[in-house]
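Have a look at the structure below before the remarks.
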Amino acid sequence: MFQDIEKRIVAAAEAALLQKFSLSLRVSLEQPKQTNFGELAIPVAFQLARELKKAPKAIAQELVSAMGPVDGVAAFEIAGNGFINVRLDRAAYTAMLFDKGLPAPQPAPNAPKTIVEHTNINPNKAAHIGHLRNAILGDTFVRMLRRAGERVEVQNYIDNTGVQVADVVVGFHFFEKKTVDDVKALIVSTGRPFDYYCWDLYAQVSAYYGQNAEALEWRAEVLHSIEEGSGEIAELAHLVADAIVKAHLKTMYRLGIEYDVLPRESEILHLQFWATAFELLKRREAIFLETEGKNKGCWVMPSSAFRVIGGKDKAADIEEEPEDKDDSKVIVRSNGTVTYVGKDIAYQLWKFGLLGKDFYYKPWTRYPDGHEVWVSTDRSVVENAPHFGGGREVFNVIDSRQSYLQDVVVAGLRALGFNEEADRSVHFSYEMVALSPRTCVEMGIQLSEEDKKKPYVEVSGRKGLGVKADDLLDKLIETAQAEVDDRHREADAGERRQVAEIIAVGALRYFMLKFTRNSLIAFDFHEALSFEGETGPYAQYSAVRAGNILKKYEERFGPLDFREQLTPAGLQRLFESEDLWQLALLVSKVDHAVRRAIQAGEPAHIAKYAFQLAQAFNTFYHDYRVIDETDVERRVGLVWLTSFFREQLRETLGVLGIEIPRYM
RNA sequence: GCGCCCGUAGCUCAGUUGGAUAGAGCGAAUGACUUCGAAUCAUUAGGUCGGGGGUUCGAGCCCCUCCGGGCGCACCA
């Protein structure tokens, strides 16, 4: 809606530029600083001032006269030193909103696929708040893309053969002397959840290595067995990884996060994805066998492939330190095994459909809503399994600390000649979640003298230091529940629990999304448990209030039927009020907000927009007694605005993965 | 040492490809509930946008430099 008008204005301005000055350039619009300047502004006169050697104001004047009338625009005004401010035709705009609504664009059936990979938690312990940020960011970005009409596939990569799983297996096998059956019993037992059990065990094993370096041989033995793929230890590893993946998916589902496919490292190994990629890399000479230095005997990628030498004169640098081969990245170790980066290059090739190989798939689980998750397998066991991978664009939601490795992966693609795919490989990076010192104290975490001096403390799985996702969610539900119980003693207990859960999820998701990606979050219980101010519950509350008005209205005046009760003339009179018009305008910008947020790659922008919507409505709620309005036409108009707001806020919150509770 | 990121109100953060008078939330102070329930709203106080230089009609944003902080630079992932 809003975008349609934007497009028309841009087109008219560009046409005028061409006609008046024979200039062909892209015109951009911006939001005026103050609402009384109009709804949009065209700042193009400024950038032309020098080129045309004219005052911006004069240029703006000429452009406006050349533009003529634009559908949906009431007037163009020259303001300031040369802004062209746009005033929309309010009556026409609101009539269109009323008439057509804002249909969400549908994904084209054969549209190119966008792949978003997120979560990717090592399947050896419970998920913690750092993982939550990853999954919530990834899931929200998926929702944004889908809302914009894109076809999206969600992947959650499972490293079920790595060191972290091996260490927990070391714990079960060597420390606790547990058999496969023992662990199976542990998984189904009603005691401490299995992922929590592993959390502690992993921390114990890590600590033990610190004291007993010789124990690392156990890890090597386990890793070796996993690679062999048979025997008690390998079976243990599979058991642990699968059980933990189940736990992770369950945790994430509590937050409304679903996946389409779980590609596993075990299949990347068994199906020899790496061997294929290795051949490609050797053939294209993207990597070479190092014959001297510390990397002797390894296949390496030269640093020049993935490092841009910044600033200084390159020749001078080379003269001083001739080709530092130590900077090369090892892809294949001297013992012939491939590193994580190597596997990741193969995996990234698969995501684009460039490897010439695919996994087999089988169903992993079906969510209560009917959506099915598939997992990779190494042989065909299901007929008509869907096809995954082969995306046009790939977003990898990964912690910013791994940017160096992501650069190497992209360089690998580039070295193979896949430049376009390299350009469409996006490291969707974000800063870590750490713990505030206050929260550490609350949790009884012993801090070292060094840590005490820091403004925050890094989460560490190996130290078992962190806030588990399920614990946090439970605590949020408990806090919300107390409020709900207090306010709605009469309501059904089961329903109150549901409401509390929706509020808790709203609080958590909003908290993780309100910060931009590269802002480090120092997690603090006090802040996260707050339901006031710029929070998810604040937005939910405004939607609930709107719902209450609608409910009350129907109780008193009968069913809503705007078509019957509202006329264009009535709308026009209503939106002569500046504040009501501003509210309607803001509410109409959902798609505009989503598009801009995608462009910026910032889910936080949608969160901000949702908050602004809620804030605007709360002010309206305070200023207008909708039900008590005696003028019938006006009353119906206010109710329509309320309904429109609720509908659009629901859409916006939906993009954030936040639901609206029945009451609050 | 090299590379990347950050420094905006007491605190936590926004700030659209450089545009009009730098904005929120929390915290502080004051005020507003006989029900569309205050998980709210209104008002006030609070800024040399880390320092300096440059580019520009115009800089929180771009360039240089200095100061302060974080992360990365494994034959771990």
Side-chain angles (χ1 to χ4, degrees), chain A residues 26 28 30-34 37 41 43 46-47 49-50 55-56 79-83 85 120 122 159 162-164 294-300 303 307-311 317 321 324 326-327 329-335 337-341 343-344 399-405 407 429 431-432 434 454-456 458 480 483-484 487 503 514-516 518-522 524 526-527 530-535 537-538 540-542 544-553 555-556 596-597 599-600 602 604-605 608 611-612 615 618-619 621-628 639 642 663-664:
Chain A
R26 284 196 56 188
S28 58
E30 61 184 48
Q31 185 93 16
K33 206 73 186 169
Q34 291 177 43
F37 289 162
F46 296 106
Q47 63 193 89
R50 182 133 61 125
N81 295 324
F83 282 99
N85 289 339
N120 299 9
N122 268 301
D159 181 5
V163 173
Q164 294 213 20
K294 68 166 192 171
N295 292 333
K296 184 176 177 182
C298 298
W299 285 87
V300 303
S303 63
R307 279 229 175 94
V308 184
I309 295 172
D317 279 1
E321 35 179 328
D324 193 351
D326 288 357
D327 280 352
K329 180 67 199 169
V330 172
I331 305 295
V332 179
R333 305 183 185 101
S334 53
N335 67 5
T337 58
V338 60
T339 61
Y340 156 78
V341 187
K343 281 181 281 195
D344 219 26
D399 174 349
S400 66
R401 285 172 293 188
Q402 298 203 39
S403 62
Y404 160 69
L405 295 170
D407 287 347
S429 70
E431 267 293 345
M432 64 174 169
K454 294 182 175 175
Y456 53 83
E458 197 172 339
E483 287 285 330
V484 173
R487 289 159 198 246
I503 293 169
K514 70 192 283 191
F515 305 96
T516 49
N518 67 8
S519 169
L520 186 149
I521 299 178
D524 187 273
H526 180 73
E527 277 178 41
S530 164
F531 296 160
E532 290 167 15
E534 195 186 340
T535 65
Y538 174 94
Q540 289 171 319
Y541 186 62
S542 74
V544 166
R545 284 176 136 184
N548 289 346
I549 293 177
L550 299 176
K551 203 169 78 184
K552 209 78 177 184
Y553 178 90
E555 278 170 21
R556 200 176 297 182
R596 295 208 75 121
Q599 211 172 356
E602 279 295 359
H605 292 173
K608 184 65 86 181
F611 176 66
Q612 284 168 349
Q615 210 173 27
N618 276 334
T619 305
Y621 183 93
H622 187 259
D623 291 346
Y624 293 83
R625 298 285 133 142
V626 176
I627 301 297
D628 296 337
V639 174
T642 301
Y663 53 79
M664 281 181 82

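Within the nucleic acid shown, A:Phe46 comes within 4.0 Å of at least one base atom, counting heavy atoms only. Residue A:Gln540 is classed as having no contact, given no heavy-atom separation below 4.0 Å to the nucleic acid. Note on A:Ser334: a base of the nucleic acid sits closer than 4.0 angstrom, heavy atoms only. Using a 4.0 Å heavy-atom criterion, one finds that A:Glu602 contacts no nucleic acid atom at all. A:Lys343 comes within 4.0 angstrom of nothing in the nucleic acid, heavy atoms only. Within the nucleic acid shown, A:Glu431 has no heavy atom closer than 4.0 Å to any nucleic acid atom. Using a 4.0 Å heavy-atom distance criterion, A:Tyr553 is classed as making no nucleic acid contact. Looking at heavy-atom distances under 4.0 Å, A:Ile331 makes no contact with the nucleic acid at all.
Salt-bridge check for A:Glu527 with A:Lys514: failed, with every basic side-chain N at 4.0 Å or more from each acidic carboxylate O. No salt bridge links A:Lys552 with A:Asp628; every basic N to acidic carboxylate O contact stays at or beyond 4.0 Å. A:Arg596 and A:Glu602 are not joined by a salt bridge, as no carboxylate oxygen comes within less than 4.0 angstrom of a charged side-chain nitrogen.
The phosphate of B:C6 has OP1 or OP2 within less than 4.0 Å of a side-chain N or O from A:Asn518.
Computed from coordinates, the A:Glu534 CD to B:C41 P distance equals 12 Å when rounded to whole Å. The nearest whole Å value for the distance from the OH atom in A:Tyr404 to the P atom in B:C2 is 17 Å. When rounded to the nearest whole Å, the span between CZ of A:Arg596 and C1' of B:U17 equals 9 Å.
Here the side chains of A:Ile549 and A:Ile627 are in contact, with some heavy-atom distance below 4.5 Å.
Comparing B:A74, B:G72, B:U17 by their nearest atom to the side chain of A:Arg401 picks out B:G72.
The partner of B:C41 is B:G31, judged by Watson-Crick or G-U wobble contacts that both fall below 3.5 Å. Across all strands shown, B:G70 is found opposite B:C4 as a Watson-Crick or G-U wobble partner, with both distances under 3.5 Å. With a cut-off of 3.5 Å on both Watson-Crick or G-U wobble distances, the partner of B:A24 is given as B:U12. B:G58 is unpaired under the Watson-Crick or G-U wobble criterion, no partner having all donor-acceptor distances under 3.5 Å.
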